[in-house]
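Here it is, the structure, as structure tokens.
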Amino acid sequence: MILDPAQLAEQGKQAFMNKNFDEAAELFRQAAEGYTVGNADLLSAAEMRNNMSVALLQAGKAQESLAAALDTDQVFAGENDIKRQGMALGNQAAALEALNRYDEATEKYDLAAQLFSQVGEGDLRALVMKSSAAIKLKTGKVTASAFKMMGSLEAKDNPSFFERILRFFLRFIK
């Protein structure tokens, strides 16, 4: 019995939740393949490739993770799905970061942040900006990191008490 892509996607989500990342990645790959047959649902196929990318990254397979997510942002851009385009860029950035390709990762995180800003996704924007700031800090670009961190805190819709205090102190760096 051949499972339909939606069933494979559900099984993949369950495997992911159970931390069976290799199994999840394979199920998401099969689902993406199923959605691609006859160009049936290219958006869902791209989403499955992104899910596969996340699972592969969790499994420690950064190169495969990057390959899975590459160009999926363009599929979403073609359908004007800005939120998922940003998420795809964020997945690519995370894989690039794991591969120590920091400049490329920062560029992708910054593009994702711009897209999330366009659609009012402050928390997602803050998340990718924090990741970009962490790379800047890791690579010794402390001032740039502080500015990125400040931007991520300002983007957050509901900052915690600690984040509000941090935002206050980061203003003195300007």
Side-chain angles (χ1 to χ4, degrees), residues 1-132 134-135 151-152 155-158:
M1 177 176 142
I2 298 174
L3 296 177
D4 77 342
Q7 289 175 311
L8 291 165
E10 279 306 312
Q11 289 178 359
K13 288 175 189 174
Q14 192 60 47
F16 187 89
M17 290 177 66
N18 292 332
K19 299 185 187 313
N20 296 326
F21 302 120
D22 286 320
E23 178 185 351
E26 177 56 23
L27 288 163
F28 290 136
R29 185 196 63 72
Q30 290 176 25
E33 210 170 82
Y35 282 125
T36 305
V37 173
N39 293 331
D41 186 351
L42 296 181
L43 281 175
S44 293
E47 185 173 346
M48 290 302 107
R49 286 182 49 209
N50 274 282
N51 290 349
M52 183 174 120
S53 173
V54 173
L56 288 166
L57 193 58
Q58 289 295 312
K61 298 176 179 178
Q63 190 63 49
E64 291 176 52
S65 171
L66 178 60
L70 273 181
D71 300 324
T72 57
D73 59 303
Q74 295 304 312
V75 173
F76 297 123
E79 294 295 321
N80 202 32
D81 190 333
I82 295 172
K83 181 179 176 182
R84 287 198 289 182
Q85 181 185 2
M87 293 174 85
L89 287 166
N91 290 339
Q92 293 169 31
L96 287 164
E97 182 179 358
L99 293 167
N100 299 325
R101 292 167 57 182
Y102 298 127
D103 290 339
E104 293 169 86
T106 301
E107 183 180 312
K108 298 270 187 186
Y109 280 135
D110 291 346
L111 286 171
Q114 290 171 18
L115 292 171
F116 290 140
S117 182
Q118 285 178 29
V119 291
E121 290 287 344
D123 288 344
L124 289 173
R125 180 175 180 256
L127 180 67
V128 295
M129 289 182 76
K130 282 180 188 177
S131 296
S132 181
I135 290 173
S152 76
K156 193 145 188 202
D157 292 332
N158 297 306

Distance in Å, E33 CD paired with L8 CG, rounded so as to fall on 0.5 Å steps: 10.0 Å
Flag, side chain of D41 to backbone of S44, donor-acceptor distance under 3.5 Å: yes
Separation of N51 CG from R29 CZ (nearest 0.5 Å): 14.5 Å
Electrostatic pair K108-E104, nearest N-O below 4.0 angstrom: no
Over all atoms of both residues, closest heavy-atom pair of G34 and P5: C-CG, 3.6 Å
Just list the side-chain donor-acceptor pairs under 3.5 Å for residues 111-118, sequence neighbours left out, or say none.
none

Shortest non-hydrogen contact from A105 toward I135: CB-CD1, 3.7 Å
Given M52, K13, Q11, Q7, the one that forms side chain to side chain contact (heavy atoms under 4.5 Å, CB included) with L27: Q11
Would you list the atom pairs, donor with acceptor, under 3.5 Å between side chains in residues 61-77 and any protein atom, with sequence neighbours excluded?
{"unit_1": "K61", "atom_1": "NZ", "unit_2": "D22", "atom_2": "OD1", "d": "2.8"}
{"unit_1": "S65", "atom_1": "OG", "unit_2": "S53", "atom_2": "O", "d": "2.8"}
{"unit_1": "S65", "atom_1": "OG", "unit_2": "S53", "atom_2": "OG", "d": "2.9"}
{"unit_1": "T72", "atom_1": "OG1", "unit_2": "N50", "atom_2": "ND2", "d": "2.9"}
{"unit_1": "T72", "atom_1": "OG1", "unit_2": "A69", "atom_2": "O", "d": "2.7"}
{"unit_1": "D73", "atom_1": "OD1", "unit_2": "Q92", "atom_2": "NE2", "d": "2.9"}

CE on M129 to CG on L124, rounded to 0.5 Å: 13.0 Å
Y102 side chain near E97 side chain, heavy-atom distance below 4.5 Å: yes
G12 to A24 - nearest heavy-atom pair and separation: O-CB, 3.4 Å
No-hydrogen, no-angle side-chain donor-acceptor test under 3.5 Å, Y35 and E47: no
Ring pair (Phe, Tyr, Trp, His ring centres under 6.0 Å) partners of F16, counting only residues at least two apart: F21
